[in-house]
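This report concerns only the one structure given below.
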Amino acid sequence: MAIPKQQHWVPRFYLRFFATPETAEKDDPKVWLLSKDEGDPLLTNVKNVANSHYLYSPKDEKGQRCGELESRFADLEGLMTSIWPLLANGFVDLHEDQSIRKGLALFVSLLYLRHPLRRTQVEKLHSHMVTLFESLPKDINGNPAVGEVKHKGVIREFDASGWTQYKSSGPEKKKELFVDSIKQNATYLAEILLQKRWSVIFSERPVFITTDNPVVMLHATKQVFGFTTSGTVVSFPLSPTRVLMMDDRLDQPSGR
């Protein structure tokens with residue numbers, strides 16, 4: 001199967017639900033783009049939105065691209081396409097219907113992890129790790145003389161045998177690290193989301209928008225926080241009339 005060059009981090013089927021009414025059911029649905037920085041509003045096809053060349057298909061040592069992750073995304077999106085009209089326009093009891101809840105949790109997890117911002121974070125982490133470990137003493141092979149590391153109270157053995165390759169990672173290798181981070185964290189993050197209280201805000205009129213980064217974390221008091229921080233609220237627009245909210249207020253009723 002040919003690997004698509006233009007790979008979307010926000011699926012086109014999802015963007016279709018935010019298309020203009022006169023194009024939403026056509027083969028070329030269009031959405032209005034509004035920049036938060038500058039420029040006039042732009043009407044464009046959803047295929048032109050939130051995509052990048054081979055975002056999830058890095059080249060290997062032989063110069064061949066792998067389409068495994070893009071194929072997995074396509075499979076999940078195919079499943080979500082069939083249920084999205086009900087999520088976007090109807091009523092689903094996300095407390096009782098665990099199959100849809102689990103599928104949606106994985107979908108939201110991947111939407112967050114596959115965003116190019118996560119790729120930038122992986123690259124920054126790589127740079128930070130190289131700077132840190134290059135400042136440490138070296139063994140006879142030139143690798144950091146570190147036997148173990150401690151993270152969140154857990155001590156783990158540190159294998160420095162691949163340090164030279166890691167340190168010299170180029171753009172394609174860093175893209176591979178980004179892809180690996182998606183694979184490693186998708187289920188973990190979905191399970192965190194499943195533990196939260198889910199509710200959906202309804203509007204009788206189409207007042208909600210989406211963005212190229214639709215999964216948003218908010219906290220009322222903290223500047224630095226994550227998905228597991230107490231008080232973190234996650235929002236995700238399902239359609240112009242529905243917004244999914246996930247929070248930690250489990251002492252209150254769940255569902256819609």
Side-chain angles (χ1 to χ4, degrees), residues 1-20 23-24 26-81 84 106-130 165-187 189-190 209-217 236-237:
M1 183 181 69
I3 300 174
K5 181 178 181 179
Q6 295 285 69
Q7 298 180 345
H8 290 75
W9 66 85
V10 180
R12 284 179 288 176
F13 90 84
Y14 166 75
L15 292 173
R16 175 185 287 274
F17 286 88
F18 293 87
T20 60
T23 67
K26 295 184 177 180
D27 293 335
D28 58 342
K30 294 180 172 62
V31 292
W32 282 103
L33 301 185
L34 287 85
S35 172
K36 65 180 181 180
D37 298 317
E38 58 184 16
D40 295 327
L42 173 67
L43 183 65
T44 187
N45 194 302
V46 296
K47 69 180 181 181
N48 301 323
V49 179
N51 66 77
S52 181
H53 290 182
Y54 297 118
L55 181 60
Y56 317 111
S57 301
K59 290 182 179 178
D60 60 19
E61 293 80 2
K62 298 180 180 179
Q64 301 296 313
R65 295 191 183 276
C66 176
E68 176 192 3
L69 191 58
E70 177 69 7
S71 179
R72 289 187 183 183
F73 288 155
D75 290 342
L76 177 60
E77 290 164 16
L79 292 173
M80 300 309 294
T81 298
W84 213 265
L106 181 59
F107 182 75
V108 173
S109 168
L110 288 170
L111 271 185
Y112 178 82
L113 294 171
R114 68 198 279 189
H115 194 280
L117 283 175
R118 310 289 89 75
R119 178 179 170 182
T120 300
Q121 290 170 351
V122 168
E123 293 173 350
K124 288 182 177 179
L125 176 61
H126 174 271
S127 177
H128 174 73
M129 295 291 288
V130 169
Q165 293 85 349
Y166 179 82
K167 181 178 66 173
S168 60
S169 296
E172 294 299 321
K173 182 61 179 180
K174 290 177 182 177
K175 186 184 292 186
E176 183 180 327
L177 294 173
F178 166 58
V179 169
D180 288 343
S181 72
I182 297 174
K183 295 177 180 179
Q184 294 168 7
N185 293 304
T187 300
L189 179 53
I209 66 168
T210 193
T211 71
D212 66 343
N213 192 14
V215 181
V216 178
M217 283 193 297
F236 172 58

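Please read all numbers here as calculations on a predicted model, not as lab measurements. Only this structure's heavy atoms are used, side chains among them; waters, hydrogens and symmetry mates stay out.
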Counting distance only, does the side-chain N/O of T23 pair as donor-acceptor with the main-chain N or O of K30 below 3.5 Å?
yes
Between H8 and V10 (side chain of the first, backbone of the second, donor and acceptor by atom type, cut-off under 3.5 Å), is there such a pair?
no
With a 4.5 Å heavy-atom cut-off, do [X] and [Y] have their side chains touching?
X    : Y    : answer
D60  : C66  : no
I209 : P237 : no
E68  : K183 : yes
P4   : E70  : yes
T20  : V31  : no
N185 : S109 : no

Working note: K175 + Y54, criterion side-chain contact (heavy atoms from CB on, under 4.5 Å); need CA distance, chi angles, decisive distance, verdict.
CA-CA 10 Å; K175 186 184 292 186; Y54 297 118; 4.1 Å; yes
Of all heavy-atom pairs between [X] and [Y], which one has the smallest distance, and what is that distance?
X    : Y    : answer
E172 : P58  : OE1-CA, 3.1 Å
A19  : A24  : CB-CA, 3.9 Å
L113 : F178 : O-CE1, 3.5 Å
G67  : I3   : N-CD1, 3.5 Å

When you look at CD of Q165, are more than 12 heavy atoms from neighbouring residues, nucleotides or ligands closer to it than 6.0 Å?
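Yes, enclosed.
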Kindly check if the number of other-residue, nucleotide or ligand heavy atoms within 6.0 Å of NE2 (H53) is above 12?
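Correct, the count exceeds 12.
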Report all side-chain donor-acceptor pairs from residues 43-50 shorter than 3.5 Å, counting only partners two or more places apart or in another chain.
residue	atom	partner	partner atom	Å
T44	OG1	N48	ND2	2.9
N45	OD1	K47	N	2.9

Against N51, only a single residue in Q6, Q7, R12 fulfils side-chain hydrogen bond (donor to acceptor under 3.5 Å, both in side chains); can you say which?
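One option only clears the test, and that one is Q6.
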Assert yes or no for the condition that the ring centre distance of Y112 to W9 is strictly below 6.0 Å.
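No, the ring of Y112 stays outside the 6.0 Å limit from the ring of W9, centre to centre.
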Does the gap between the ring centers of F73 and F107 come in under 6.0 Å?
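Centroid separation for F73 and F107: 6.0 Å or greater.
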Would you call the rings of F236 and Y14 parallel, tilted or perpendicular, where under 30° means parallel and over 60° means perpendicular?
parallel
Could you tell me which residues satisfy side chain to side chain contact (heavy atoms under 4.5 Å, CB included) with V130, sequence neighbours excluded, listed by chain and number?
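Expected list: H126, E134, W163, Y166, K167.
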Who pairs with K26 by side chain to side chain contact (heavy atoms under 4.5 Å, CB included), at least two apart in sequence or on another chain?
D28
Quick one: list whatever passes salt bridge (charged side-chain N to carboxylate O under 4.0 Å, His left out) with R119, sequence neighbours left out.
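By the salt bridge (charged side-chain N to carboxylate O under 4.0 Å, His left out) rule, R119 matches E123.
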Sequence-distant partners of R118, salt bridge (charged side-chain N to carboxylate O under 4.0 Å, His left out), two or more places apart:
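Testing R118 for salt bridge (charged side-chain N to carboxylate O under 4.0 Å, His left out), a comparison that skips the adjacent residues, returns none.
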Tell me the salt bridge (charged side-chain N to carboxylate O under 4.0 Å, His left out) pairs involving residues 107-116, sequence neighbours left out?
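Matches after skipping sequence neighbours: E77-R114.
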